[in-house]
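One structure is given below, represented as structure tokens, and several questions about it will come after.
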Amino acid sequence: MAHQTGVSADADDAGRVSLMNDPKARGLVFQALLIIAVIFLVYSGVSNAIDNLARAGIASGLGFFGERAGFDIGQSFIPYTNDSTYLRAFFVGLLNTMVVAIIGIFLATVIGFIVGLARLSKNYLVQKFATVYVETLRNIPLLLQLLFWYKAVLSILPSPRAVGLEPGVEVVFNLNNRGLYMPRIVPEGGAQFILFAFIIAVVAWFFIGRWAKKRQMATGQQFPVFLTGLALVIALPLLTFLVTGMPMSLEYASLQGFNMVGGWVIQPEFMALLLGLSLYTASFIAEIVRAGILAVSHGQSEAAFALGLRPNLTSRLVVVPQAMRVIIPPLTSQFLNLTKNSSLAVAIGYPDLVSIFGGTVLNQTGQAVEVISITMLVYLTLSLLTSAFMNWFNSSVALVER
Amino acid sequence: MNKKILSAVVGIAAVAGMGASAASAATLDDVKAKGFVQCGVSTGLAGFSAPNDAGDWSGIDVDLCRGIAAAVFGDATAVKFSPLSAKERFTALQSGEIDVLSRNTTWTMSRDTQLGLNFAGVNYYDGQGFMVRKSLGVNSALQLSGASVCVQTGTTTELNLTDYFKANDMTYNPVVFEKLEEVNAAYDANRCDVYTTDQSGLYSIRLGLSAPDEHMVLPEVISKEPLGPVVRQGDDQWFNIVKWVHNAMLNAEEMGITSANVDEMANSTDPNVMRLLGKEGTFGEGIGLGNDWAYNVIKEVGNYGEVFEANVGASTPLGIARGVNALWSKGGLQYAPPLR
Ligand SMILES: N[C@@H](CCC(=O)N[C@@H](CS)C(=O)NCC(=O)O)C(=O)O
């Protein structure tokens, strides 16, 4: 009724409409309603869950985080014992997941780019090999590949007592079915300066790069940025190492009883998981890279050649920057996939977040609803962070269109 | 627009209403309505619950489920089995996916009090042990410091292991898997020096290794593992049924009633036997079953001793002695309250 009078009263005023018919106001009202509905939905879901758990006599709440975990974990990047809390166990699992995901993403990207370029190679063998790689690996379920790599790693490698080591004698490198053993660097007083030197070198590299680019823009002169940077990153820490009186020692592994003791170890579960995840994801990345490069029209490189650019520079300055525009968005999805797929780790005994938190902690506390919700939230957060980073990266390499 | 709002409102109403109706229903009625007992078992632990090539399940945990089916339906085959890993089992029971969990599950206080579940008895008294390769030359668990140990996640095993090594000031390297076959494969591939779980489980797993004779179970038993059936809390009738099926099987053994002689014993004038077999009293009615419930259990499945011998006893590949699982009257721990 109201809008009828409104409309008739202002019939000659074409610019004004009643609030009811104003699309903007209506939109706001509906959005507000939707938000209220969502909040109510979440609230009633949560309170229902709490009610139902209480009625079924199942413990609930987040109090368990402060309790003693009481179980051991095979691999940890932070100090952890069975006396630590469930919260710390959670972080151990989270770190284990992040480490395998980050290294996996790095490896998958490198392998993926190489294979993707190889698929475009004019060399028949290289090109066929890359094709076979892609077609096999991306068509076999990842879980099977993980189990395969784990089995392969375990069955090829001998047990530590079978590799002919003298008990108690230190070795530099040793590979057996308990892991790859390497010397561990033990920092002593003053070792932090080496780290500082390294950081300074990296920062310097960055600024030299910027300076060189500016100079080239202005004068056309080039500067060997890469070589200078590399020299800095190696020489500066090395110099500091010598000047501070070599404040580091190496700890070697040796066979003691059942196992190797000391040194730095990469366990077979980690190896198999990393291998499986990166090789599998690389096969998808290879296709993305190939598609990205093919998407750059041939005319672009012809034009570059016509300008006298050598093939190397042509791909670096003309083809790749344009291909990146096509490559990065789907690449992000692959990074997310790899991170999420790392949750298959439990199948091969790698103590990731799902294994430690969604497995052992869930079972010891019995608080499935809380533990699973938190686990999902963690993966969501990791994915959103990765996306945010890749979006930033994308915009920073995006072509500046004129 | 209006359609969207309508669907949103309907959606909210559906979710809000969902919680209200999720009250605990009577399991017995559900079971009767669907015509079978859904029983949670292991994914394959010979002697306790394992499928054969034809997909038929057997084992002492399986026979307990068959006993429940016999008591409810007079038909021991009215059971369906859900194979569950250690990690999945409690959620499956809590969510109502299964009616009873009979899967070598240790009765502990936290499981009994914090999971909304009830343990209905102990059908096998066990304890945690260690298995090693004979070639290691180890003959006591106290020599295991520094070893890599394979273990399944979501078990009491994981915690006992930690406690034992800690108490004895030893170190170890845990390798944890979710699925039984993954633990077995890793141990078989020599990824671990030691396999630890319930001793009965070790005997059973050993038989499945590529060379069983090269492995031995160490003498130490480091924990108490009373294994028994579990039901949801808050349904006393169903709890009673499961509890008394187990008790009936024990009492039958004590009275010497077997699947072979139960018909003969039905003519007995011993009041104890008459009560058990439903010739006297109304014990069936008390738990919502027919008066011949225990007769059916014994007739179709057998007494506890029969089940034990047939699945894990001396004549089976497992060859486990009755030991602590003998009746109390024979020096063991198995003791059922009287039917009275
Ligand atoms: N009794 C212990 C351990 C039970 C358990 O899960 N044992 C393993 C190893 S013997 C098992 O039976 N696994 C069979 C499966 O996962 O299917 C418990 O209740 O936590």
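Bear in mind the structure is a predicted one, so any value in this text is a computation, not a measurement. Note on naming: letters A, B, ... go to the chains in the order of the sequence lines (proteins, then strands), and numbering restarts at 1 for each one.
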With only heavy atoms counted, which part of B:Lys179 is less than 4.5 Å from chain A, the side chain, the backbone, both or neither? neither

Under a 4.5 Å heavy-atom cut-off, does chain A meet the side chain of B:Ser145, its backbone, both or neither? backbone

Measure the shortest side-chain to side-chain distance between A:Asn363 and B:Phe90 over non-hydrogen atoms and say whether it is less than 4.5 angstrom.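 The answer is yes; the side chains approach within 4.5 Å.
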
Separation of A:Gln364 CD from B:Thr153 OG1 (nearest 0.5 Å): 7.5 Å

Residue B:Cys150 versus chain A: region with a heavy atom under 4.5 Å: neither

Side-chain donor/acceptor of B:Asn190 to backbone N/O of A:Pro158, under 3.5 Å: no

Do A:Arg161 and B:Leu136 have side-chain heavy atoms sitting under 4.5 Å apart?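 Yes, close enough: below the 4.5 Å cut-off.
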
Need one label for B:Glu182: side chain, backbone, both or neither, based on atoms under 4.5 Å from any heavy atom in chain A.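 Contact with chain A is through the side chain of B:Glu182 alone.
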
What part of B:Gln94 lies closer than 4.5 angstrom to a heavy atom of chain A: side chain, backbone, both or neither? side chain

Which of the residues A:Ala368, A:Ser355, A:Ala347 is involved in the greatest number of heavy-atom pairs with chain B at under 4.5 angstrom? A:Ala347

Between A:Phe258 and B:Val138, does a side chain to side chain contact (heavy atoms under 4.5 Å, CB included) hold up when you go through it step by step? CA-CA 11 Å; A:Phe258 297 98; B:Val138 168; 3.8 Å; yes

Between B:Val175 and A:Glu269, is there a side-chain heavy-atom distance shorter than 4.5 Å?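 Heavy-atom side-chain distance check passes, below 4.5 Å.
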
Proximal component of B:Asp193, with respect to chain A [non-hydrogen, under 4.5 Å]: both

Report, as yes or no, whether the 6.0 Å neighbourhood of atom CE on A:Met98 holds more than 12 heavy atoms from other residues, nucleotides or ligands. no

Chain B contact via A:Asn177 - side chain, backbone, both or neither, heavy atoms under 4.5 Å: both

May I ask you to name which of B:Leu117, B:Asp163, B:Leu144 has the most heavy-atom pairs under 4.5 Å with chain A?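 The residue among B:Leu117, B:Asp163, B:Leu144 with the greatest pair count is B:Leu144.
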
Between A:Gly257, A:Ala345, A:Ser155, A:Pro268, which shows the greatest number of heavy-atom pairs under 4.5 Å with chain B?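 It is A:Pro268.
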
Under 3.5 Å, is there a donor on one side chain and an acceptor on the other for A:Thr360 and B:Glu158?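 A pair is found: one side chain offers a donor N or O, the other an acceptor, under 3.5 Å apart.
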
Output yes when a side-chain donor or acceptor of A:Arg178 lies under 3.5 Å from a complementary backbone atom of B:Arg191, and no otherwise. yes

Under 4.5 Å from any heavy atom of chain A, what part of B:Thr113 do you find: side chain, backbone, both or neither? backbone

Which atoms of A:Gln267 are under 4.5 Å from chain B, going by heavy atoms: the side chain, the backbone, both sets, or neither?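 For A:Gln267, side-chain heavy atoms alone lie under 4.5 Å from chain B.
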
More than 12 foreign heavy atoms under 6.0 Å from OH of A:Tyr43: is that the case here?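 No, not enclosed.
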
Pick whichever of A:Leu157, A:Ile348, A:Leu147, A:Asn176 has the most heavy-atom pairs under 4.5 Å with chain B. A:Ile348

Which bit of A:Ile73 is near chain B, if near means a heavy-atom gap under 4.5 Å: side chain, backbone, both or neither?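 It is the backbone, since no side chain atom gets that close.
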
Between B:Thr171, B:Thr155, B:Thr156, B:Thr162, which residue shows the highest count of heavy-atom pairs closer than 4.5 Å to chain A?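 So the answer, after comparing B:Thr171, B:Thr155, B:Thr156, B:Thr162, is B:Thr162.
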
Among residues 79-93 of chain A, which ones touch chain B with a heavy-atom distance under 4.5 Å? A:Asn82, A:Asp83

Let me confirm one number: the OH-CZ distance from A:Tyr350 to B:Phe177, rounded to the nearest 0.5 Å. 14.0 Å

Residue B:Val149 versus chain A: region with a heavy atom under 4.5 Å: neither

Greatest number of non-hydrogen atom pairs under 4.5 angstrom with chain A, of B:Gly154, B:Ala189, B:Ala185, B:Ala186, falls to B:Gly154

Given A:Gln367 and B:Gln114, is the side chain to side chain contact (heavy atoms under 4.5 Å, CB included) satisfied, shown in steps? CA-CA 9 Å; A:Gln367 296 189 241; B:Gln114 289 170 18; over 6 Å; no

A:Asp72 vs B:Tyr172 side-chain heavy atoms within contact, under 4.5 Å: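 Heavy-atom side-chain distance check passes, below 4.5 Å.
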
Atom group of B:Thr108 that falls short of 4.5 Å from chain A, counting heavy atoms: neither

Surrounding NZ of B:Lys166 (heavy atoms of other residues, nucleotides or ligands, distance under 6.0 Å), is the total greater than 12?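 Yes, the 6.0 Å shell around NZ holds more than 12 heavy atoms from other groups.
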
B:Lys134 NZ: over 12 foreign heavy atoms closer than 6.0 Å: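 Atom NZ in B:Lys134 is crowded, with more than 12 foreign heavy atoms closer than 6.0 Å.
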
Short side-chain donor-acceptor distance under 3.5 Å, B:Ser148 and A:Asn259: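 Yes, B:Ser148 and A:Asn259 have a side-chain donor paired with an acceptor closer than 3.5 Å.
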
Side chain, backbone, both or neither of A:Ser60 within contact of chain B (heavy atoms, under 4.5 Å): neither

Just give me the residue among B:Leu161, B:Leu159, B:Asn173, B:Val176 that pairs up with chain A most often, heavy atom to heavy atom, under 4.5 Å. B:Leu159

